Number of protein chains: 2
Amino acid sequence: MAATTETYNDIPLDQLFPQDKLGWRGYVEWEDRPERKRIASEILKTKKFTPIPEFQFVPLPKTNPILVGHRWKEYHEALGLKNIVDFSWETVQKEKPGMIHLLDFPYNGETPRPELVSGKITDNKWHFVRNHGGVPDIEEDAFELEIGGLVPTPVKISMKDLKDPSKFPQEEVTVTIQCSGTRRIEQIQEYPGEGDELINAPWGEGAIGTAVYRGVPLKKVLKRACGGVLPECKHLEFVGADTYFKKGNVLNYAVSVPYRKVRANEEVLLAWEMNGKPLPKIHGFPLRAVVTGYIGARSTKWLYKINAIAEPSLAPVQAQEYLYFTQQIGKQNAKYSNGFSIQNMPVSSAIIFPTDKQVIIHDGKIALQGWSYSGGGNWVERVEVSNDGGHVWYAVDQDNMTEKHYHAWRLWKIELPVDAEGWLEFCVRSWDSSNNTEPTFVRSAWNWDLHVTSSCHRIKIYSVNKSKPATAARLAEIEAKGVSFNPLTMPLEWSLESVEDYLKYMRKHPREPLN
Amino acid sequence: MAATTETYNDIPLDQLFPQDKLGWRGYVEWEDRPERKRIASEILKTKKFTPIPEFQFVPLPKTNPILVGHRWKEYHEALGLKNIVDFSWETVQKEKPGMIHLLDFPYNGETPRPELVSGKITDNKWHFVRNHGGVPDIEEDAFELEIGGLVPTPVKISMKDLKDPSKFPQEEVTVTIQCSGTRRIEQIQEYPGEGDELINAPWGEGAIGTAVYRGVPLKKVLKRACGGVLPECKHLEFVGADTYFKKGNVLNYAVSVPYRKVRANEEVLLAWEMNGKPLPKIHGFPLRAVVTGYIGARSTKWLYKINAIAEPSLAPVQAQEYLYFTQQIGKQNAKYSNGFSIQNMPVSSAIIFPTDKQVIIHDGKIALQGWSYSGGGNWVERVEVSNDGGHVWYAVDQDNMTEKHYHAWRLWKIELPVDAEGWLEFCVRSWDSSNNTEPTFVRSAWNWDLHVTSSCHRIKIYSVNKSKPATAARLAEIEAKGVSFNPLTMPLEWSLESVEDYLKYMRKHPREPLN
């Protein structure tokens, strides 16, 4: 469908929800405007939208973008907000051209493998992106952050003031941000789960990245600008300038984090700089929250409003999504209260090289590389890999791991001894600073919303050990014939053994007993 | 490519390899004609053929026929034998129209699920077919069986004589024939293996079937017609009238079975009747071997020649295919002597209903149906199913299994108690009369040639237990809204819980501790 209703009550559609503030393009205020929300819902009710793709039952197309967000685009178009869709993709092309584009709108992009493990800091142009709406286009000079609710003094702060070190002390923190959907594809492949209006991105191992963020701790801003918070304040709600949709309603993106988390000094940052550069637009320019150790969804981008509140936000992203259900909860009985809200991320890891199903010709050792991470203020102490599906584990040497940070991953590499040939299952697990480790199988941690695939990451590789004489002989034969070992399943066109050799062996070891 | 070479040494191609005997259409004698073989090889060398499909790395197309045997058709066409290809498909259309056509040529057809478990005897039109070449079209009156080699008296026997009960005593035997590729798809999905010129059919659970065969035991024919066998005879080679290809050579289909097997009374039958009717052409009319308890490949169709031999046949189907390799053998080191030839089939089973990935709404019990079989003269004593991936097993009541036969499967059904909801793994295993049971996982028995997938058959089902109040309430809600529970991943469009209920619960059980 193409939503081209031209007017609503004689108002041209593209003027119905206008830009609210000068210099804040692509931002519509919904939360303070109940009448707008009502009209938007009414318009959405009159439309039909492209169904949500059932991609969870079929392999993903080998396209880039892999999935197209027809439905979400149509939501925007139905409200005269097509400019948001267009600007979002323009920004992708400009800021993130080389990503694996999982979903074109809202933009979800995964870091390609080589860039994922090239160093402990992910370059801004390769850091993963998981957006929930379009990309607002806000001028820094026009921007202001509003803090209200259960604070002694509600305030509005310009970027100029926020960045003034004489007003607020600045911090630089190395932070890994991870989408709770990282490695979701493993859950999807084993057992499909909930679909969503906003397609649950079929993430591989690259919905995680690490950057040095500069900003001011929210704790300090609350203290210095608002006089702290009132005793009833137990949570801080973050509202983003992006437009979000949920079951026929239109909202601004909103989540919350406990005040206790905010109080812990540098653990919640209001950040404007990423790896020494201004935040890219797609990462929240001019201001975002960076909530260390938490699910990425809390690190609100285009953060323009903070509400001090008594209870966790009732906004859908906080109360109705990113829930972790027990295995027996699903479409037949899921409620918002019978899953728990994902906040701190647990310990998890991934093998990035080699890749799943790779045929590896080696001489008894295979090099592995990957990442390991734990949230919640834990860091990774130990990484172990297995060449036999998890029976025997080899620890990675600390010299082959990047340094520890309180809030960041560690990249690692190891040469794994591999004697066996044929299909092998390699896996990795990590132990964090609180001795947490990972569930054994995807099944151990499958959940209806397909979040937090933190089970031991497993890949299958086909091992060809050329230190074995029979294999060396076959490889030489293959080389002499001028053909390639790959594709693995392509049969060799010559006889694998002479009749003489065959009979010699079989007469020594006949198939049937002699008596 | 389309092989349209018109002549070879001025002989029109379609006269180069003529019908050898009147009334034997689609049969070419290769084994007694080395010069023919040489010419055929020479012609094949001059051609390019469609590559073997790499279907093992991708899902199968949802077509019927699922795979097209381009390469094998081209082999025939290159030798002026297109009539064999055409007659084969005509026969499929006539005798097997309703099958799951896995491969159109050589014809490989699987029994659809309902027909697979409709009764202990598989109707002729539903019995699986695994052919290695085209279907010869031989007139019964023109047919004769030749027995030679290490026998006191080589003979040729007409069908009329063979069917004369005063000459040879007849037997009726209930026999399950199984392709060693049954359930190969499970191996393919986990780990791809060897490709072959003759595509390794991606069989599901339906490459097995049971029929009552009438014929004469080969033992009796040897004794009465040939005066037994010479002392050096340890094997009987069976040659079929179909044309076979292997690495540039052309042959008649041939395999062998030990004389010890033949001696065991009714265990090797020369059969002309299947379930009280003449053998269908596609099943070997006018005469086939039926080798009880063995891999189907030994039950040679269109059997026109039997050679008494001292050692197992060196024909490729016997010596180079249907080999069972150890897990570390593959393209890098496979030889013909380092796999063992599959003869007797081990105990195995399959769940036919429900089907993999089915969403099942039930009230605490789910009905299962399937088959269990053991070869080698064993029969199935016990069938067990599990609702939890193989931790707890429930035995099938003997009253819910079809009767025992020495050489046939047992069909079974059970009502399995199922309390849990969500994705569950059901599995089945059987115990045979020698106390053999099945390997636990596909991985336990994976092999390069992807034969004998006898590991516990596992399916995933999504359990919705409507005896649970929360589930009953949700189902009622779904019904009231007039929508369907399926597709499972399609989200429900309404709120799953009122804000009041949510807050009531969350205030009683808050996400964060109070202190």
Side-chain angles (χ1 to χ4, degrees), chain A residues 52 54 56-57 59 191-197 234 247-248 258 260 311-312 314 319-320 327-337 340-341 343 357 420-423 446 448 460 462 464 468 470-471 474-475 485 487-497 499 501-502 505-506 511-512, chain B residues 52 54 56-57 59 191-197 234 247-248 258 260 311-312 314 319-320 327-337 340-341 343 357 420-423 446 448 460 462 464 468 470-471 474-475 485 487-497 499 501-502 505-506 511-512:
Chain A
I52 298 152
E54 288 286 313
Q56 295 178 105
F57 281 120
Y191 309 100
E194 188 179 38
D196 200 334
E197 290 174 272
K234 299 294 179 198
K247 298 192 177 186
R260 191 179 169 92
E311 292 182 298
L314 285 175
Q320 301 176 8
Q327 206 180 54
Q328 294 200 43
I329 297 293
K331 191 173 192 172
Q332 76 283 2
N333 55 8
K335 294 193 290 186
Y336 306 126
S337 61
F340 67 82
S341 174
Q343 302 273 60
K357 299 241 174 99
E421 296 199 280
W423 284 109
W446 181 90
W448 174 243
K460 292 164 179 170
Y462 189 88
V464 180
K468 308 252 178 189
T471 297
R474 174 63 49 80
L475 291 175
F485 193 85
L488 178 65
T489 63
M490 189 61 68
L492 301 172
E493 295 196 12
W494 59 93
S495 187
L496 302 183
E497 194 172 18
V499 174
D501 287 350
Y502 175 76
Y505 186 94
M506 295 308 293
R511 175 65 172 88
E512 279 80 27
Chain B
I52 297 152
E54 285 287 312
Q56 295 178 105
F57 280 122
Y191 308 101
E194 188 178 39
D196 200 334
E197 290 173 275
K234 300 293 178 197
K247 299 193 177 185
R260 192 179 169 91
E311 292 181 297
L314 285 175
Q320 302 175 7
Q327 206 179 53
Q328 294 201 42
I329 297 294
K331 192 173 192 171
Q332 75 283 2
N333 55 8
K335 294 193 290 186
Y336 306 127
S337 61
F340 67 82
S341 173
Q343 301 275 56
K357 299 246 173 95
E421 297 197 280
W423 284 109
W446 181 88
W448 173 244
K460 292 165 178 169
Y462 190 89
V464 180
K468 308 254 179 188
T471 297
R474 173 63 49 81
L475 292 175
F485 193 85
L488 178 66
T489 63
M490 188 61 68
L492 301 172
E493 295 196 10
W494 59 94
S495 186
L496 302 183
E497 193 173 20
V499 174
D501 287 350
Y502 175 76
Y505 186 94
M506 294 308 291
R511 175 65 173 87
E512 280 79 27

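Treat the numbers as computed from the prediction; the structure is a model and nothing was measured. In what follows, every chain begins at residue 1, and chains take the letters A, B, ... in the order their sequences are listed.
No side-chain N or O of A:Glu194 forms a donor-acceptor pair with one of B:Thr489 less than 3.5 Å apart.
In this structure, B:Pro491 and A:Gly195 approach most closely via the heavy-atom pair CB-O, 3.6 Å. For B:Lys247 against A:Ser495, the heavy-atom pair with the smallest separation is CD-N, 4.2 Å.
Counting only heavy atoms from C-beta outward, the side chains of B:Thr471 and A:Gln328 never approach each other to under 4.5 Å. Inter-residue side-chain proximity for B:Gln332 and A:Lys468 is flagged as unmet; no heavy-atom pair is nearer than 4.5 Å. Residues A:Arg474 and B:Lys331 are not in side-chain contact: their nearest non-hydrogen atoms beyond the backbone lie 4.5 Å or more apart.
Relative ring orientation between B:Tyr191 and A:Trp423 is described as tilted, the plane-to-plane angle lying within the 30° to 60° band. Using cut-offs of 30° and 60° on the angle between ring planes, the pair B:Trp448 and A:Tyr462 is tilted.
The number of heavy atoms from other shown groups lying within 6.0 Å of CZ (A:Arg511) is above 12.
Looking at B:Gln343, the atoms closer than 4.5 Å to chain A (heavy atoms on both sides) sit in the backbone and in the side chain alike. Residue B:Trp494 touches chain A through its backbone alone, counting heavy-atom pairs closer than 4.5 Å. Heavy atoms closer than 4.5 Å to chain A are found in both the backbone and the side chain of B:Pro487. With a 4.5 Å cut-off on non-hydrogen atoms, B:Leu492 touches chain A through its backbone and its side chain both. Only the side chain of B:Glu512 comes within contact range of chain A, judged by heavy atoms closer than 4.5 Å. For chain A, the nearby parts of B:Lys335 are the backbone and the side chain; heavy atoms of each come within less than 4.5 Å. When heavy atoms are compared at a cutoff of 4.5 Å, B:Pro192 approaches chain A by way of both its backbone and its side chain. In this structure, chain B has heavy atoms under 4.5 Å from both the backbone and the side chain of A:Tyr336. Using a 4.5 Å cut-off between heavy atoms, B:Met506 contacts chain A through its side chain alone, with no backbone atom that close.
Put simply, of B:Gly193, B:Gly422, B:Ser341, B:Pro59, the one with the most heavy-atom pairs under 4.5 Å next to chain A is B:Ser341. When each of A:Ala420, A:Pro312, A:Gly248 is checked for heavy-atom pairs under 4.5 Å with chain B, A:Ala420 comes out on top. For the set A:Asp501, A:Leu488, A:Ile52, the entry with the most heavy-atom pairs within less than 4.5 Å of chain B is A:Leu488. Annotation: maximal heavy-atom pairing with chain A below 4.5 Å, among B:Ala319, B:Gly330, B:Ala470, occurs at B:Ala319. Most heavy-atom pairs under 4.5 Å with chain A, from the set B:Leu496, B:Asp196, B:Val499: that is B:Leu496. Ranking B:Gln56, B:Met490, B:Gln327 against chain A, the residue ahead of the rest is B:Met490, based on heavy-atom pairs under 4.5 Å.
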